[in-house]
Amino acid sequence: MRIPYNWLKEFVDIRLSPEELAKELTMAGLEVLSITKAEGDSVFEIEVTANRPDCLSILGIAREVSAITEKPIKLPKEVKTSYFKKASSRGKIKIEIEDKRLCSRYVGRLIRDVKVGPSPKWVKERLTMVGLRPINNIVDITNYLLIELGQPLHAFDLDRLEGKRILVRRAKKTEKIITIDGIEREIDQQILVIADRLKPIAIAGIMGGKDSEITEGTKNILLESAYFDPYFIRQASRRLGLASDSSYRFERGVDPAFVLAASIRATKLIERLTKGRAYGKPIDIGELPKRPERVSLSFQKTNKVLGTDIPVAIQKKLLKCLGFSKVIKKKSLIIANIPAHRRDIKYDVDLIEEIARLYGYDRIPKLEPKLLIQKKYLLENRYLFLEDQIRRLLTSQGLNEVLTFSPISRQNLELIQDPSINGWRIKNPLSLQQEFLRVSLLPECLELLKFNLNQKNEDLRIFEIGRVYLKNGDGFLEKEKLSIGFCGTTQKHWKEKSREYSFFDLKGVLEVLFRELGIEEYSFAPGNLNLFKEHLNCEVFLKDVICGKAGEVKKDVLNRFDIERQVFLCELDLEVILKSAKLDRAFKGLPRFPSIRRDLALVADENILSSQIIEAIRGIGGELVKAVDVFDLYYGEQIPLGKKGLAFSIEYRQDTKTLRDEEVTELQARICESLVKRFGVEIRK
């Protein structure tokens, strides 16, 4: 928003230099990005936040300057006398509003015998300084008032209106309009238009039509000033792909009490600059807006929130400076009437923010916050604590956390190929790459791996904690998931050479994760997810409940992503992990008696899982078997086709005494005998 310094001075008696004023405005929350010189004036470039549409005008900034400098604001006479006033609804032209929710007020003013021509130099200079192109005196005055008061106006050539009638209505399905930029636009019932007896003559709140624009031959005009529903204008602007200075303000919300005042102010300027004359009185259709309600604030809360000791008298004074009327103290409360232009003020914290910025953020003491994120809170909220623990455990193993978007493409959705999973389609996607809500984290994990490989990153170990969105009958179901992806090669080490990642690197991370979360009963069983290769496709179980799936991605899937490396992925359900995790920790003493380790080598059929053999060993050994680890998998000349060689390390220990060697030998012999009978394995010597 560009604001000329001298234009501001017409509203407030400013004694500060432009540089000093820029600093004061910035400290009050209106950041001045730059000051430029133009036409002998200083022009401020001000960043206006979305919640302050009242500052999108000279008057709006002047109110802020008035509050900062404690100088009274000077309003034009016609604005002061007609603000929050209503005129007659009768006039020389018929004006109707079909939907008063979309247009709650419309003021029309007839002005005859105007002489259309160039604007005076001072009008041209001011419009140029704020970035607007001068056109002619009528259009320039409407733009001038837009910048000065923040109220969009529009002028129609009265003689080109059919039936001398104005109707504010929704467009019809088959209608079209050529806007003043010369483009023919198709409009529908989601667009509000200003129409005469036969056709639309303007898109309400956005842009006028070519057929009724002001030209050099215009003699009589209809001046429009209205209030349109911000949400509807914003929707229409997006649907048409059409924006203007007027729509920018209407969709953020203008001051509805200014509709008549802006019309009267513009009429006076038109009479002065075009030698025209107003014909009849303003035609004011609609109702005056309700005055905003009062907001109460505990002055003690102000100091508690800000960490200050601002006296109640100062708090009242600051609010009065900002235009809050009838600020009174009642017991421990400050009660203030909200100005009509401050529709963003709704709660007591909004008043606190106003007090803080005018009091001065630099005057608020810098204190250490007394409330920190407490570990106790995380412990009470098991879900947050679990996520925190998972992040810590995975990053400690060298994985990097990533974040991806929830919307995905149809192509990525179809990668899952699971008939039991249905995705939600977004009605108005930003692009085809964001057409569906994700049902899995894995497709986006592949996209991220592809991106990093293209950037020549070789060591890729990533994880993401995020939500997926599923259909549950006719309902909506959100689930928290954990995905992990491995691709590329390990980092070089002085003792070990770099190597390709394998499925067992991923499996090892999961085992460490489960163990650290206190989950003892977990297992891996053959799975059937179409995303993974058949021989490395497994389901992860916690006790008897499926927790997720893991495996090596198929070659044809990798080709769709232009990935030429092996990729290993898994996706786990965090709700299942939470139910199985033992987050409470208890001290467990060190073993009092030594353990004995024995190795066991055998040859088994390829379709027999190592986990089945480990489960059998634990079942036979009972409490004496403390650990079973696989340390070798062998295929070679000594191993028949369709077989594999496995080697296990078994740790035996008894908690009440020292085991004797012959006891362990006897137990190991029973284990071997049972494995031979159950699985048909061959024990290797």
Side-chain angles (χ1 to χ4, degrees), residues 1 3 29-30 46-64 67 75 79 82-86 97 99-107 130 142-143 145-154 168 190-192 194 202-207 224-240 242-263 265-266 284-295 322-325 336-347 349-351 353-354 357:
M1 179 71 188
I3 301 293
L30 287 172
I46 299 178
E47 181 73 24
V48 179
T49 55
N51 67 319
R52 293 299 306 275
D54 60 295
C55 289
L56 293 173
S57 64
I58 301 294
L59 176 58
I61 302 299
R63 290 191 187 105
E64 295 293 304
L75 291 173
V79 172
S82 55
Y83 181 68
F84 239 118
K85 296 290 194 305
K86 192 175 187 313
I97 303 174
D99 190 337
K100 291 191 177 181
R101 183 182 66 84
L102 303 183
C103 177
S104 60
R105 195 176 182 196
Y106 191 103
V107 174
V130 298
T142 61
N143 287 334
L145 267 295
L146 173 79
I147 300 300
E148 184 180 65
L149 301 181
Q151 172 64 40
L153 303 168
H154 187 72
V168 185
Q190 296 304 310
I191 308 296
L192 189 69
I194 312 299
I203 300 174
I206 301 177
M207 190 173 287
E224 168 194 280
S225 180
Y227 181 84
F228 300 112
D229 179 69
Y231 177 75
F232 203 79
I233 297 299
R234 180 163 55 249
Q235 272 194 325
S237 178
R238 300 301 183 272
R239 287 173 67 85
L240 295 171
L242 179 63
S244 64
D245 289 319
S246 294
S247 67
Y248 185 81
R249 287 161 175 79
F250 273 129
E251 67 185 39
R252 284 160 177 77
V254 299
D255 184 353
F258 248 122
V259 174
L260 178 62
S263 177
R265 167 76 168 155
D284 193 345
I285 306 299
E287 299 297 330
L288 272 175
K290 293 181 179 179
R291 291 188 179 271
E293 297 180 358
R294 293 181 172 188
V295 175
L322 286 165
F324 292 84
S325 62
N337 287 354
I338 306 171
H341 60 273
R342 291 303 305 274
R343 301 283 166 168
D344 59 307
I345 305 294
K346 295 180 180 179
Y347 309 106
V349 290
D350 297 325
L351 293 182
E353 182 181 2
E354 294 298 298
R357 68 185 187 85

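Values in this document were obtained by computation on a predicted structure and should not be read as measured data.
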Task: Evaluation steps, side chain to side chain contact (heavy atoms under 4.5 Å, CB included), between Phe324 and Asn337 - done: CA-CA 6 Å; Phe324 292 84; Asn337 287 354; over 6 Å; no
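- How far CG of Leu75 is from CG of Leu59: 6.0 Å, rounded to the nearest 0.5 Å.
- Across all non-hydrogen atoms, the minimal contact from Cys103 to Val168 is CB-CG1, 3.9 Å.
- Residue Pro289 comes nearest to Ala257 through the heavy atom pair CG-N, 4.0 Å, listed as atom of the first residue, atom of the second, then distance.
- Salt bridge status for Asp344 with Lys346: absent, with no side-chain N to carboxylate O gap under 4.0 Å.
- Put simply, the side chain of Ile3 reaches to within 4.5 Å of the side chain of Ile58, judged on heavy atoms.
- Nearest heavy-atom pair across Arg249 and Gly150 is CD-O, 4.0 Å.
- Within the 4.5 Å cutoff, no side-chain heavy atoms of Arg294 are placed close to those of Ser325.
- The pair Glu287-Lys100 does not count as a salt bridge, with every side-chain nitrogen at least 4.0 angstrom from each carboxylate oxygen.
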Open item on the list: Apply side chain to side chain contact (heavy atoms under 4.5 Å, CB included) to residues Glu64 and Ile46 and explain how you reach the verdict.
Closed with: CA-CA 12 Å; Glu64 295 293 304; Ile46 299 178; over 6 Å; no
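- The CZ atom of Arg239 sits 5.5 Å away from atom CD1 of Ile191, with the distance rounded to the nearest 0.5 Å.
- Val48 has its side chain within reach of Cys55: a pair of non-hydrogen atoms, C-beta onward, lies under 4.5 Å apart.
- Around CD of Gln190, the count of heavy atoms belonging to other residues, nucleotides or ligands within 6.0 Å exceeds 12.
- Between His154 and Thr142, every side-chain heavy-atom pair lies at or beyond the 4.5 Å cut-off.
- Side-chain contact between Glu293 and Ile338 is absent, with no heavy atoms from C-beta onward closer than 4.5 Å.
- Contact of the Leu242 side chain with the Met207 side chain is registered, since non-hydrogen atoms from C-beta on lie closer than 4.5 Å.
- The structure places CG of Leu149 at 10.0 Å from CG of Asp255, a figure rounded to the nearest 0.5 Å.
- Salt-bridge formation is not detected for the pair Arg52/Glu47: no Lys NZ or Arg NE/NH1/NH2 atom is positioned less than 4.0 Å from an Asp or Glu carboxylate oxygen.
- Expressed to the nearest 0.5 Å, how far CD1 of Ile206 lies from CZ of Phe228 amounts to 9.5 Å.
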Open item on the list: side chain to side chain contact (heavy atoms under 4.5 Å, CB included) for Asp245 and Leu146? Distances and angles first, verdict last.
Closed with: CA-CA 8 Å; Asp245 289 319; Leu146 173 79; 3.6 Å; yes
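- More than 12 heavy-atom neighbours from other residues, nucleotides or ligands sit within 6.0 angstrom of CZ on Phe84.
- In terms of modelled atom types and a separation under 3.5 Å, the side chain of Ser225 and the main chain of Val259 share a donor-acceptor contact.
- The heavy-atom pair separating Ser247 from Ser237 by the smallest distance is OG-OG, 4.3 Å.
- Across all their heavy atoms, Ile233 and Gly205 have their closest contact at CD1-CA, 4.2 Å.
- Both the sub-6.0 Å distance and the 45° axial angle are not jointly satisfied by Arg252 relative to the ring of Phe250.
- One distance of note links CE of Met1 with CD1 of Ile61; it measures 6.5 Å at 0.5 Å rounding.
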Open item on the list: Evaluate Val254 against Tyr227 for side chain to side chain contact (heavy atoms under 4.5 Å, CB included), listing each step before the verdict.
Closed with: CA-CA 7 Å; Val254 299; Tyr227 181 84; 3.6 Å; yes
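- For the pair Glu354 and Asp350, the minimum side-chain heavy-atom distance is 4.5 Å or more.
- Scored by the side-chain contact (heavy atoms from CB on, under 4.5 Å) test, Arg234 finds Tyr231, Arg238, Glu251 as partners (sequence neighbours excluded).
- Nearest approach of Val107 to Ser263, heavy atoms of both residues: CG1-OG, 3.7 Å.
- Residues Leu260 and Tyr83 fail the side-chain proximity criterion, which asks for heavy atoms closer than 4.5 Å.
- Ionic pairing of Asp284 and Arg105 is present here: one or more N-O contacts between side-chain nitrogen and carboxylate oxygen are shorter than 4.0 angstrom.
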